[in-house]
Every structure is written in structure tokens, then in C-alpha cells.
Asks: 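Handing you this structure, nothing more for now.
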Amino acid sequence: MKKNIIIASSALLLSSIFFVINDGIINYLSSQNIQFYHFIFYGSPAFIAVPIFLLIKGTLKKNLICNNYWIPLIRGLIFAPMPFITFISLKNITLPEFTTLNMSAPLIGAIYAYIFLKEKLNSFVYISLAIGFLGVIFVIQPGFDNFNIYFLVTLFGVLLITTTTTIVNKFNTVTTTLGYFLYGGLFIHIISFLLFIWNPIKISYNEFFLITIASILINIALFLATFAFKKAQKHYSAIFCLVYLQIVWSSFIGLYFFNEYLNTYALIGASLIVLSGIISVPGQIKQADDK
């Protein structure tokens with residue numbers, strides 16, 4: 001079981017870097033009058049290449065077979081609004097704020113793990129969650145002048161994405177990791193193609209290059225995250241805390257490329273969230289030892 005945690009944690013760590021790079025590119029594109037469906041349409045070759053590769057390899061049917069087709073399809077529907085939420089949020093709040101708010105996912109993940117996955121949370125995880133929640137409050141700053149309604153939009157997206165990862169963890173035997181990946185992208189690509197036909201735009205070579213890079217990275221990140229939560233099995237809440245590292249990557253990209261930074265209260269919140277992630281490490285080890 002420890003081996004599974006190490007593999008899952010490594011996959012989640014790598015995916016966190018790819019997620020932030022993708023968000024950074026979207027942060028730039030959202031200011032160029034590019035909508036989420038333009039992004040999905042021009043980036044679709046990165047997604048379509050996967051089933052084509054599996055078809056050539058002869059394993060497409062194997063990865064599309066499910067014990068219960070409703071599970072991956074419902075997960076795909078839940079995931080469908082995410083590109084829209086990401087674009088609209090990054091257009092109205094900074095990249096560091098967006099990423100830091102996304103770090104509330106482990107808090108929701110731990111609640112889901114306790115209720116739906118029947119995981120036993122230890123004292124380290126509880127302390128980590130309490131500190132992490134306090135950090136999120138500092139970032140949101142309810143009642144402060146810096147409060148933005150799009151903070152809540154971002155948090156709604158966090159709720160959706162956490163629901164999808166919980167589904168993968170709970171129903172890890174329904175289909176393969178690639179199966180979840182393919183069904184997960186089905187609805188958003190269909191919606192984006194239809195919206196693109198309604199409102200097409202021509203983009204520059206530079207924008208096409210950025211979209212291609214972002215699409216490749218986000219698809220790899222989604223696959224790695226799906227793989228990680230499928231592999232983690234009974235340690236869902238513990239490995240989820242590793243996503244806190246995204247704050248580090250996001251703060252660097254936001255400051256270096258966009259001159260965006262967290263204010264004093266948000267910086268305190270981010271520090272608390274990172275501390276929460278550090279405290280969660282003994283919780284991961286204890287969970288593994290208890291098994």
C-alpha cells in the first residue's frame with residue numbers, strides 16, 4: 001500500500017505543475033477575447049490523439065468498457081462546467097488568488113472521504129484541515145474591501161472538481177484510468193464544438209502555440225490526477241493535501257509573468273495553507289502504517 005501512495009503522490013505532484021502552467025496560459029488568453037470553447041476547440045487534437053492512439057494500438061474498446069456507464073458519464077457532466085469557470089475566474093481575479101482558492105479542495109476532499117469513502121482521519125489530518133480552512137478564510141477575506149464574487153465562483157469549481165475525483169476514487173473499478181479520462185472530456189468537447197460553430201474566431205500562431213501547449217499539459221495533468229486518485233484507494237484525503245504545492249508554482253508564475261501577487265492577508269492565508277500541506281505529511285504516513 002505504501003508503494004501505491006508513493007506512486008499516487010508522485011503523479012499528483014507532477015500534475016500540479018502542469019495544472020498551474022495551464023492556468024497561467026489561460027490567464028493570458030482570457031484577456032485576449034478568447035473564450036473557453038475557443039480554447040477547447042483549438043486544443044482538441046491533444047485530446048483526440050488519445051483515442052486515435054488507443055484505436056491504432058487496439059485497446060480503445062477495452063478502455064471504453066465500463067461496469068456501469070452511468071458513473072463516468074455523470075462524472076463527465078459534473079466536470080463539463082470547469083473550463084468555463086476557469087476562464088471566467090481568471091479573467092476577474094489573479095492567478096495566485098485563483099490557485100490558492102483551489103487549494104480548498106483538500107478540505108472538501110477530506111469531508112467527502114469521511115462521508116462517502118469511510119476513511120478514518122487521524123489527528124494530523126484534522127489539524128491540517130483546520131489550518132488549511134483558516135488559510136482559505138484569509139485568502140477570501142469575507143467582508144474586506146478585496147472580496148470578489150468570483151472567489152465564490154472559483155470555490156464552486158473546486159466543489160465540482162473534488163466531486164469528480166471522489167467519484168474516481170470510490171468507483172475505481174468501474175473503468176480504467178483512460179476510460180475515465182475519455183468519458184470525462186466527452187461532454188465539454190461536444191459543447192465547445194457547438195459553441196465554436198456559433199461563435200468562431202481566428203487566432204494567431206502564437207495563441208495557437210500556447211493553446212496547444214496548454215491543452216497537452218492539461219490533458220496529461222487530468223490523466224495523472226485521475227490515475228493518482230484511482231491508485232490512492234483508501235488514502236484519498238491524505239494524498240490530496242499535496243495539491244497545496246500549486247500555490248508555490250502559481251505565485252512564481254503570477255509574479256514573474258503577470259506582475260500579480262497576493263496581498264498581505266492572502267499571503268498569510270497562503271502560508272497557512274502551505275503549512276497545512278506540510279502537517280498533512282505525517283498524516284499520510286500514519287494512514288499507510290494503519291493499513
Side-chain angles (χ1 to χ4, degrees), residues 11-27 30 36 78-113 128-129 131-142 146-166 168 184 214 217-218 221-222 224-226 228-229 236-237 239-255 258 260-263 265-277 280:
L12 199 59
L13 175 61
L14 188 59
S15 72
S16 72
I17 299 174
F18 292 164
F19 273 126
V20 172
I21 296 175
N22 170 77
D23 292 342
I25 293 175
I26 289 178
N27 192 34
S30 63
F36 78 92
I78 294 173
F79 179 79
M82 283 309 303
F84 170 73
I85 290 173
T86 301
F87 262 77
I88 194 173
S89 295
L90 285 172
K91 196 170 184 177
N92 292 279
I93 63 177
T94 69
L95 177 62
E97 287 173 333
F98 175 79
T99 303
T100 304
L101 286 172
N102 271 279
M103 296 308 95
S104 61
L107 306 177
I108 301 173
I111 296 172
Y112 280 179
S128 171
L129 293 173
I131 294 175
F133 179 75
L134 181 61
V136 170
I137 295 298
F138 268 91
V139 175
I140 296 176
Q141 301 168 45
N146 288 322
F147 176 75
N148 188 323
I149 190 65
Y150 290 96
F151 289 165
L152 300 182
V153 175
T154 302
L155 288 175
F156 178 67
V158 175
L159 179 65
L160 294 182
I161 199 68
T162 308
T163 301
T164 66
T165 57
T166 304
V168 170
L217 292 180
I218 189 61
L222 288 170
L224 288 174
T226 302
F229 290 115
Y236 173 80
S237 62
I239 72 159
F240 213 147
C241 296
L242 290 172
V243 302
Y244 287 136
L245 290 172
Q246 288 187 34
I247 293 178
V248 178
W249 324 134
S250 177
S251 296
F252 173 77
I253 292 176
L255 181 61
F258 304 106
E260 296 177 345
Y261 54 89
L262 299 171
N263 62 34
Y265 290 107
L267 190 59
I268 292 172
S271 300
L272 289 172
I273 291 174
V274 172
L275 176 62
S276 171
S280 75

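The model shown is predicted, which means the values in this text are computed figures rather than measured ones.
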Asks: Are T164 and V168 packed together at the side-chain level, in the sense that at least one heavy-atom pair is separated by less than 4.5 angstrom?
Replies: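 They are not in contact (no side-chain heavy atoms under 4.5 Å apart), so the answer is no.
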Asks: Using 0.5 Å steps for rounding, measure from the CE atom of M82 to the CZ atom of F87.
Replies: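 Taking CE in M82 and CZ in F87, the distance rounds to 12.0 Å.
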Asks: Working to the nearest 0.5 angstrom, can you tell me the gap between F19 CZ and L224 CG?
Replies: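 Interatomic distance, F19 CZ to L224 CG, rounded to 0.5 Å: 8.5 Å.
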Asks: When rounded to the nearest 0.5 angstrom, what distance separates OG1 in T86 from CD1 in I218?
Replies: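 It is 7.5 Å, given to the nearest 0.5 Å.
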Asks: Rounded to the nearest 0.5 Å, what separates atom CG in L160 from atom CD1 in I85?
Replies: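 The distance works out to 5.0 Å.
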Asks: Does atom CZ (F36) have a neighbourhood of more than 12 heavy atoms from anything else shown, all under 6.0 Å?
Replies: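 Atom CZ in F36 is crowded, with more than 12 foreign heavy atoms closer than 6.0 Å.
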Asks: How far does CD1 of I26 sit from CG of N22, to the nearest 0.5 angstrom?
Replies: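 Atom-to-atom, I26:CD1 and N22:CG are 4.0 Å apart.
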Asks: Let me know which of D23, N92, N27 forms a side chain to side chain contact (heavy atoms under 4.5 Å, CB included) with F98.
Replies: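 Filter result, single survivor: D23.
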Asks: Of the non-hydrogen atoms in S15 and A221, which two are nearest, and what is the gap between them?
Replies: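 Between these two residues, the closest heavy atoms are CB-O, 3.5 Å.
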Asks: Find the distance between CG (L134) and CG (L272) and round it off to the nearest 0.5 Å.
Replies: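 These two atoms lie 5.0 Å from each other.
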Asks: Quick one: do L155 and L159 satisfy side chain to side chain contact (heavy atoms under 4.5 Å, CB included)? Show the steps, please.
Replies: CA-CA 6 Å; L155 288 175; L159 179 65; over 6 Å; no
